[in-house]
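No experiment lies behind these values; they were computed from the predicted model shown. For ligands, and for the atoms within them, numbers begin at 1 and follow the listed sequence.
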Amino acid sequence: MPRVGVLLSGRGSNMQALVEQAAGYEVVLVASDRPEAGGLASAREAGLATFALSPKGIGKAAFEAALDDALREADVAVIALAGYMRLLSPAFVARWVGRILNIHPSLLPAYQGLDTHARALAAREREAGCSVHLVTDELDAGEVLGQTRVPIEPGDTAETLAARVLVAEHQLYPRVLKDFVHR
Ligand code: GAR
């Protein structure tokens, strides 16, 4: 069974979806750059192994070296970024090239980066969505492996749209990860 390490910075709802809907892969480690992340607490409650370390004070290179060690000790084959809000260095990405996935709350290549929903609304888009893609050195730019379209409703705010897209994320990510590990 392919072993997956999930990397997060926040509440971890995508991590929970990946764990709850795991089929054809196994989440063996949940790692974070924010020791106070809600997703880490959820992972511990679920009995999952966790890795928590802040780059503050030690620097990005030392943080990524420790993260890399933890992922290798856990014998991880694929890394799934799930609300990980830092850029991984080119050196780290090179070590895991082709084996890091990310979920992003837009229909890539549209709206890379932050504040995707507010920007889509400001541009009067009629649909939003989410994408799972391979991670490269460039922000939100690797091969798109799967997408779900979500209509924008009249009266939507960034918050209501984000909540609706998040439901789609929870359905998309486990399915794409399963297909990816078996492709
Ligand atoms: C999700 O909407 C995810 O797509 C987004 O952060 C949220 C994390 O929620 N990721 C990005 O914006 C990546 N640039 P979660 O912690 O509940 O999974």
Side-chain angles (χ1 to χ4, degrees), residues 4-22 25 27 29-46 48 50-52 54-55 60 64 67 78-90 92-93 96 100-123 125 127-153 156-178 180:
V4 172
V6 177
L7 195 40
L8 57 77
S9 302
R11 74 197 149 186
S13 72
N14 274 290
M15 176 277 295
Q16 279 181 294
L18 290 175
V19 170
E20 282 161 15
Q21 298 173 58
Y25 66 86
V27 175
L29 182 69
V30 175
S32 184
D33 60 317
R34 289 185 59 232
E36 71 281 18
L40 275 179
S42 313
R44 286 190 202 104
E45 274 165 36
L48 293 161
T50 58
F51 167 88
S54 171
K60 186 164 182 155
E64 287 188 346
L67 174 64
V78 173
I79 301 173
L81 306 187
Y84 184 67
M85 302 312 269
R86 256 172 226 279
L87 268 181
L88 292 166
S89 71
F92 184 93
V93 173
W96 291 88
I100 312 176
L101 273 59
N102 181 40
I103 185 146
H104 184 74
S106 79
L107 294 171
L108 290 174
Y111 303 110
Q112 296 156 329
L114 297 176
D115 299 324
T116 54
H117 303 303
R119 286 189 286 141
L121 290 172
E125 299 282 1
E127 61 176 8
C130 50
S131 308
V132 176
H133 66 96
L134 276 173
V135 172
T136 62
D137 286 357
E138 261 180 274
L139 179 67
D140 300 330
E143 179 192 350
V144 173
L145 302 172
Q147 285 185 321
T148 304
R149 297 178 175 275
V150 175
I152 293 180
E153 309 284 0
D156 256 339
T157 63
E159 289 71 31
T160 59
L161 181 56
R164 224 162 48 252
V165 170
L166 195 62
V167 175
E169 293 182 38
H170 297 162
Q171 293 165 354
L172 179 70
Y173 209 177
R175 180 164 59 75
V176 173
L177 180 55
K178 177 181 170 221
F180 178 78

Problem set entry | From CA spacing to verdict: side-chain contact (heavy atoms from CB on, under 4.5 Å), Arg164, Glu153 | CA-CA 10 Å; Arg164 224 162 48 252; Glu153 309 284 0; 3.2 Å; yes

So which protein heavy atom does [atom] come closest to, and at what separation?
atom                    : value
atom 12 (O) of ligand 1 : Pro105 CD, 3.4 Å
atom 9 (O) of ligand 1  : Arg11 NH2, 3.1 Å
atom 14 (N) of ligand 1 : His104 ND1, 3.6 Å
atom 8 (C) of ligand 1  : Gly83 CA, 3.7 Å

For this session: Out of Ser13, Ala162, Gly10, Ser131, indicate the one that has the non-hydrogen atom closest to atom 17 (O) of ligand 1.
Result: Ser13

Exercise. Just wondering, do Ser106 and Arg119 contact through their side chains at under 4.5 Å, heavy atoms?
Worked result: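 With C-beta onward as the side chain, the pair stays apart.
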
May I ask you to check whether [X] has an N/O atom sitting below 3.5 Å from an N/O atom of ligand 1?
X      : value
Glu169 : yes
Gly12  : yes
Asp140 : no
Asn102 : no

Problem set entry | Among Leu81, Leu7, Val27, Leu8, side-chain contact (heavy atoms from CB on, under 4.5 Å) partner for Met15 |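 In the set Leu81, Leu7, Val27, Leu8, the residue that makes a side-chain contact (heavy atoms from CB on, under 4.5 Å) with Met15 is Leu8.
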
For this session: Answer side chain, backbone, both or neither: which part of Leu166 comes under 4.0 Å from ligand 1, heavy atoms only.
Result: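 Under 4.0 Å from ligand 1, Leu166 contributes side-chain atoms alone.
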
Problem set entry | Enumerated ligand 1 atoms positioned under 4.0 Å from heavy atoms of Asn14 | 1 (C), 15 (P), 17 (O), 18 (O)

Problem set entry | 4.0 Å heavy-atom contact, Met85 with ligand 1 |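 Distance cut 4.0 Å: Met85 passes for ligand 1.
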
Exercise. Rounded to the nearest 0.5 Å, how far does CG of Asp115 lie from CG of Leu121?
Worked result: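 Interatomic distance, Leu121 CG to Asp115 CG, rounded to 0.5 Å: 11.5 Å.
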
Exercise. Does a donor on one side chain and an acceptor on the other come within less than 3.5 Å for Ser13 and His170?
Worked result: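 A donor-acceptor contact under 3.5 Å links the two side chains.
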
